[in-house]
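First up is the structure itself, then whatever we jot down about it.
In what follows, chains are A, B, ... by sequence order, proteins preceding strands, each numbered from 1.
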Number of protein chains: 2
Amino acid sequence: MEIKFVKRATQTKRTTIYDLAELAGTSASAVSAVLNGNWKKRRISAQLAERITRLAEEQGYALNMQASVLRRERSKIIGMIVPKYDNRYFGSIVEQFEAMARERGLFPIITCTRRDPALEIEAARAMLSYQVDCLIATGATDPDRIADICSAAGVRAVNLDLPGSRVPSVISDNFAGALELTRRVLANCEREFGEKTPLLFVGGRGTDHNTSERVRGFRAAHAEAGVAVDETLVLTCGYAPEKAENAMKSLAARVKTLPRGMFVNSTISLEGVMRWIRRCGHYTDRMPLLGCFDWDPFVAMLGDHIEMIRQDVPRMLDAVFEIIDSGATDLKVIQIPPIVEKIGLGGRAENLPEPPWILA
Amino acid sequence: MEIKFVKRATQTKRTTIYDLAELAGTSASAVSAVLNGNWKKRRISAQLAERITRLAEEQGYALNMQASVLRRERSKIIGMIVPKYDNRYFGSIVEQFEAMARERGLFPIITCTRRDPALEIEAARAMLSYQVDCLIATGATDPDRIADICSAAGVRAVNLDLPGSRVPSVISDNFAGALELTRRVLANCEREFGEKTPLLFVGGRGTDHNTSERVRGFRAAHAEAGVAVDETLVLTCGYAPEKAENAMKSLAARVKTLPRGMFVNSTISLEGVMRWIRRCGHYTDRMPLLGCFDWDPFVAMLGDHIEMIRQDVPRMLDAVFEIIDSGATDLKVIQIPPIVEKIGLGGRAENLPEPPWILA
DNA sequence: CAATTCTGCTTCATCGATTGAGCAAGTAGG
DNA sequence: CCTACTTGCTCAATCGATGAAGCAGAATTG
């Protein structure tokens, strides 16, 4: 059962253009020219090109990118840092980023920083070491720091999801999205409970741009509806489920009546909120009416009491690549309108049995 | 508003060890030795080391990995290909893989193949071009093909999630997991409906190892319960939500009574199944009882009619890295017991067999 | 027929880091 | 005082691919 598997690592020397040159009775530079496609420019005969190509295939030749990149001006490597992979939003960002990069002949490398500021910086440096031509900082805690590091290395950067002030940014229109989401939840509450009450805002970091814009939209919708925001109900406690759950717990401990409507700042926070709702025993008669600034297919099935705002990932990435492709350098922040997920479509069918769905 | 941003790309020449050598009045080789940490071996004085280190920092020196890797024996780059980022299972695989790679001083690069066999191969080749030391093929449609390509380049490979026959594999114990999941759904059905009826199996590719093992577990549980499997109810239609949804649709069109219990082969398939359930109008009185071979926090909140099996990602990755770290080359398939998620809670079931389940 | 252009290559320096070999000065030992 | 180490460095080859410059020989032009 001892397999060649590792043996070959020592045995097999990878085929290089020099090996091919020798086999073809020609020079390495001819082989290189043929294999990287500009043999016409270099006036290699079609005959020799053909012969070299065939040989390369036979020998299972594979370009050594490290050598190639070292020599070339541009690496054609594009980097992205991303906070997490545990939700559909970042998942689709990464998946589409990869696809779009590949379409353009770029090699994508991605690093997940788990919202760790130190790791963000380290990851950015690592990517620069690998000679990325461009770096996309997604949801970075300190985008400007990253931009500075890139700029020192002469590398382009673009911010995604969270804006910075040093390089172009592409983000959702958080204010508009939050305004609309809050409006809907307020309207649902009024319809269901017959009275206008201030909503809870939970999740996100109070310091990040997105969260503060969403709070602004939240406030604007309240103002519009003539409802005073209850400041004790604005809980920007961080994104993690546990943080949201704890925030709810301690809120429940210090107020007498719990809100009947909530604005939850991501599916990740919603995870914690839902957990709390199911365990706290305060909503046994009726679920609170929720709005979630984020989308997840199963959340959409949780019931008709949840409204969702879905960030428009395809358009966001189109904008990112337009900046990259065009080489645009002006310091704009592009805001992409998010999508309101209509309940009923993504939402619950009218004729489903009533939740035993939610447990105590 | 015209920013330095791109200007610098042409202006700034990155600092190299030669620049530092000149500034320090020493040789490039001394600089190299100091900066990559083996200056003791190379008998550089602490004094000079100190001076060089300071200079490197001042100048914002960053190692050129392409040059470094080109020269070195091992690249310390580790690759992973993964089918999708749209579910928690692969999301956590990727996230933990990255973290564990970094812990070991390896640089992880990941490619999402979207279950496209051609892209899988292309991605594997690309990674070899970048001189990965090791490649992990996660959920690959043709792991052996990838293993062959790696072996030709003298690169180690490991299969994850789906096994192959050329290199070691780490997978879930699909049979045991499916057996337990089916048992539970059967039991739930008997309890709820007072009779033993065969379940539906939906999702996955009939040709892949995982799915066939799960079907085997599904059958075994039926046999155990004395229930005959209804062959028309085994729908290995692929993983995508639309495929599952369509399979359900056409099933509904050709049978008179729909199953009251279902084994769904992934959260991704469950997405389609749930969509169908909600739209079809056949389950207006009572939701079918479900079992899902996969875990998602929101699915867990969908109600008490869904049982879930969660694959043990941390242990799977531990196993993968143990193979890599130890340099093990024997052709084993390591099966990691999955976890039965208790509704509401979550933990390992009592009646799963004891690990470590090494096969063949 | 000589001068020029074109064709089809080859040669060689280069990218930046690494490392074996070697060298000069200092120190220890006999 | 001479040999033998040790210390602290430098030199130069090397990894594999790239592309500017150059060089024969064939083809074309005046």
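A search for side-chain contact (heavy atoms from CB on, under 4.5 Å) contacts involving A:A101 returns A:I78, A:L106, A:P108, A:F321, not counting sequence neighbours. Under the side-chain hydrogen bond (donor to acceptor under 3.5 Å, both in side chains) criterion, B:R104 pairs with B:D325, sequence neighbours left out. The side-chain contact (heavy atoms from CB on, under 4.5 Å) test applied to B:E122 returns A:R102, B:L119, not counting sequence neighbours. With sequence neighbours excluded, the residues satisfying side-chain contact (heavy atoms from CB on, under 4.5 Å) with B:P117 are B:T141. Residues forming a ring-ring contact (aromatic ring centres under 6.0 Å, His included) with A:Y239 (at least two apart in sequence, or on another chain): none. Applying the side-chain contact (heavy atoms from CB on, under 4.5 Å) rule to B:A123 yields the partners B:I81, B:T111, B:T113; only residues at least two apart in sequence or on another chain are considered.
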Write down the protein N/O and nucleotide N/O pairs, taken from nucleotides 25-29 of chain D, whose separation is under 3.5 Å; answer none if there are no such pairs.
none

Between N or O atoms, less than 3.5 Å apart, protein on one side and nucleotides 8-11 of chain D on the other: list the pairs.
from   : atom 1 : to    : atom 2 : distance (Å)
D:dG8  : N7     : B:R43 : NE     : 3.0
D:dG8  : N7     : B:R43 : NH2    : 3.3
D:dG8  : O6     : B:R43 : NH2    : 2.9
D:dC9  : OP2    : B:S45 : N      : 2.5
D:dC9  : OP2    : B:S45 : OG     : 2.4
D:dT10 : OP1    : B:T26 : OG1    : 3.2
D:dT10 : OP1    : B:S27 : N      : 3.3
D:dT10 : OP2    : B:T26 : OG1    : 2.8
D:dT10 : OP2    : B:S27 : N      : 3.1
D:dT10 : OP2    : B:S27 : OG     : 2.6
D:dT10 : O4     : B:R42 : NH2    : 3.1
D:dC11 : N4     : B:S29 : OG     : 3.1

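Scanning DNA chain C 5' to 3' for nucleotides with an atom closer than 4.0 angstrom to a non-hydrogen atom of chain A gives a first and last hit of C:dT7 to C:dG16.
Between the CD atom of B:E73 and the C1' atom of D:dG16 there is a distance of 14 Å, rounded to whole Å. Following rounding to the nearest Å, B:L128 (CG) and D:dG16 (P) show an atom-to-atom distance of 15 Å.
Between A:N36 and D:dA17 there is no side-chain N or O to OP1 or OP2 distance below 4.0 Å.
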Going by atom type alone, with no hydrogens or angles, which donor-acceptor pairs under 3.5 Å involve a side-chain atom of residues 56-67 of chain A and a protein atom two or more places apart or on another chain?
from  : atom 1 : to     : atom 2 : distance (Å)
A:N64 : OD1    : A:Q66  : N      : 2.9
A:N64 : OD1    : A:A67  : N      : 3.1
A:Q66 : NE2    : B:Y130 : O      : 2.8

Without placing hydrogens or testing angles, list every side-chain donor-acceptor pair under 3.5 Å for residues 29-43 of chain B, not counting sequence neighbours.
from  : atom 1 : to    : atom 2 : distance (Å)
B:N36 : OD1    : B:N38 : N      : 3.4
B:N36 : ND2    : B:S32 : O      : 3.4

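Shown for residues 64-72 of chain A: residues whose heavy atoms fall under 4.0 angstrom of DNA chain C, namely A:L70, A:R71.
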